[in-house]
Amino acid sequence: MDGDNSGLESDNYDWNTEDELEIENFQSSDLAVPNGDAITGSGEASSSPSSSNSKMFDHFVGMGFSEKLVSKVIQENGEENADSLLETLLTLSAVDSSPEKQQQNDLDYSSSDLEGSLLDDCSDIDSFSDNEEITKSVSENDGKLLTLVNMGYTVDVASVALERCGMNSSVDELIDFICAAQTAKAEDALMAPEEKPRCSNLTKQKKRSYYECEILGKKKLKGSEKKVFDEDEEMIHLPKPMVGFGVPTESFAITHRKLPESAIGPPYFYYENVALAPKGVWQTISRFLYDIEPEFVDSKYFCAAARKRGYIHNLPIQNRFPLLPLPARTIHEALPLTRKWWPEWDHRNKLNCLQTAYGSAKLTERIRKAIENYEGEPPPHVQKYVIEQCRKWNLVWVGRNKVAPLEPDEVEMLLGFPRNHTRGGGISRTDRYKSLGNSFQVDTVAYHLSVLKDMFPKGINLLSLFSGIGGAEVALYRLGIPLKNVVSVEKSEVNRNIVRCWWEQTNQKGNLIDLDDVQRLNGDRLEQLMNSFGGFDLIVGGSPCNNLAGSNRVSRDGLEGKESSLFFDYFRILDLVKCIMAKGQ
DNA sequence: AGTAGAATGAGAGACTTA
DNA sequence: TAAGTCTCTCATTCTACT
């Protein structure tokens, strides 16, 4: 430890939340949609001529233009050029929107409306990005209107916001206005008049718009303006060394931080994902999770294997303590039997990240043969090949010239789980590796959660989302924090069985409720559960990393990817719980 | 049907060198 | 300082085999 803590200072993060900047990025970029599909300029409408008419019509009506206006403009201009159609519609509607008419408009659209229009708008936005003249040709207010429409708001909504906030208002102010109106309306619809809790989702739609900006920003990276964009948009820098607010084995520690008002519990929450996500992902996650700075930690400071992860939580950070005994932190300590066979030319003392795939027996055989071709120490090129493969697949030495992948029980041990935690119950070896590879490093998580022990001597109620094999539950149990009621949501049946089995084996006194799908966990169900035991003390979850992880060559689509977009369900549920608990107070 | 083996790079940070 | 090199990454999918 060189005492260089600069990497941990707050200026190591760039929390540039300049709305205008992001909106600019948004405006001039291609569009992607939450399911991960990029929408190309051609658009669906033009790709299916048979339904072209109705689609173009529906497309603009769906954006909020009146049927009459759309019909008229299509009639006059044809439908070949969606860009010029939109321009005409925007110009006409801006002129047409009298204040009286706007006052009557209801600031009402559902999230599906937003998504729908976002989807539908793609071709237009893409084209706009290629045609700066169009943007320049409209007036300043038309530009703001266009920006809002591009972001998925209907023309009516955008017009009303512009009218109410005044022509000099910034786009950010306009978005704030729309968000506030939506929230007020949503609360009216959802809550009884006498009970309207102060709900943190006041900023939800705004945050959502940030998310959309992020998608666009990312797409832009792939374009010709990459360099400019990189310069303009400072990304989060990972701290070096990656020890978060502190780890037990290093002297450095930050013990105080100021959380944003909206971030403060109850409930406490704890979110986890891969540290090395595509650029912009952690900024988005952080913005959704109440602007809390992520704590990036490499579990190599806790055990013998690296695991670079980011954690966002609202837990206190002073008086943390580690699980005892402290785990072995070198390969030789963790796997003493390997020491005998470890060649001098293999200088590894830490394993790389324990992933879901593992080295094959055939590979280890090839390595053995490659080494056995030589007497004594193999030549440098062979050494290089062997070391390369060993690092790539986390192979360890188990005999003379013989390497092997870690056994599942060794992975369990390295990750802080009890031996045979994932064994049995009909799970295959491959699936054990997969479940373990997707799991928490228990010692790391427990260190962060340890502050709860004094606060909840009688135990906690836990909501565990994306539970996997129960890393959070195991961490809390090993900390000696009683688990009173645990609602565990996990899609994989074998994983649910593993947690259930562990629950029974450890003679838990509490109540375990397991559910299978976060997307089906709605407000009613949550309220019902929370009413039965009085709310959650802690909400833990590491949402899927499939579309964020560097190992994924096929679908590293970012936070809008098929699985990784489930992060938004984590946020949704967290926000719901906050609302319900606020209501109950 | 279930499992293991193998092929499939990009992206980004760390580090080195000119 | 800039460019080149090295290193690592909670994965996916197809094929062959039992």
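Predicted model, so just to flag it, every value in this text is computed and none were measured. Convention: sequence-line order gives letters A, B, ...; per-chain numbering from 1.
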Measure from CG on A/Leu363 to P on B/dA7 and round the result to the nearest Å.
-> 10 Å
Could you tell me the separation between the CG atom of A/Asn546 and the C1' atom of B/dA10, rounded to a whole number of Å?
-> 17 Å
Give a yes-or-no answer on whether the side chains of A/Thr422 and A/Arg432 include a donor-acceptor pair shorter than 3.5 Å.
-> yes
Just checking A/Arg309: base, sugar-phosphate only, or nothing, at a heavy-atom cut-off of under 4.0 Å?
-> base
Within this structure, what is the CG-to-P distance between A/Leu351 and C/dT7, rounded to whole angstrom?
-> 17 Å
Between C/dT9, C/dC10, C/dA11, which nucleotide has the shortest distance from any of its atoms to the side chain of A/Val274?
-> C/dC10
Round to the nearest Å and state the distance from A/Lys308 atom NZ to B/dA14 atom C1'.
-> 11 Å
Whole Å only: how far is the CG atom of A/Asp298 from the C1' atom of B/dA14?
-> 14 Å
To the nearest angstrom, how far is A/Leu548 atom CG from C/dA11 atom C1'?
-> 12 Å
Base, sugar-phosphate, or nothing: which does A/Ser564 touch, judged by heavy atoms less than 4.0 Å apart?
-> nothing
Does any donor atom in the side chain of A/Gln441 or A/Asp443 lie under 3.5 Å from an acceptor atom in the other side chain?
-> yes
Looking only at C/dT9, B/dG5, B/dA14, the nucleotide nearest the A/Gln355 side chain is C/dT9
Considering heavy-atom distances to DNA chain B, does A/Ser551 or A/Lys362 have its closest nucleotide positioned more toward the 5' end?
-> A/Lys362
Going by atom types alone, do A/Glu473 and A/Gln508 pair a side-chain donor with an acceptor below 3.5 Å?
-> no
Fit a plane to each ring of A/Phe302 and A/His448, take the angle between them on a 0 to 90° scale, and name the class: parallel (under 30°), tilted (30 to 60°) or perpendicular (over 60°).
-> perpendicular
With both distances kept under 3.5 Å, what pairs with B/dG9, Watson-Crick or G-U wobble?
-> none
Has A/Arg556 got a side-chain N or O lying under 4.0 Å from the OP1 or OP2 atom of C/dC10?
-> no
Residue whose closest nucleotide on DNA chain B lies nearer the 5' end, A/Ser428 versus A/Arg553 = A/Ser428
Heavy atoms under 4.0 Å, any strand shown: does A/Asn352 hit a base, just sugar-phosphate, or nothing?
-> sugar-phosphate
In terms of the angle between their ring planes, are A/Phe571 and A/Tyr290 parallel, tilted or perpendicular, with boundaries placed at 30° and 60°?
-> tilted
Could you tell me whether A/Arg391 contacts a base, only the sugar-phosphate backbone, or nothing, with contacts defined as non-hydrogen atoms closer than 4.0 Å?
-> sugar-phosphate
Think A/Lys240 has a side-chain N or O under 4.0 angstrom from the OP1 or OP2 of B/dC15?
-> yes
Write down the distance between NZ (A/Lys434) and P (C/dC10), rounded to a whole number of angstrom.
-> 15 Å
NA contact type, A/Cys353, heavy-atom cut-off 4.0 Å: base, sugar-phosphate, or nothing?
-> sugar-phosphate
Atom CG of A/Asn273 and atom P of C/dT9 are separated, to the nearest Å, by 15 Å
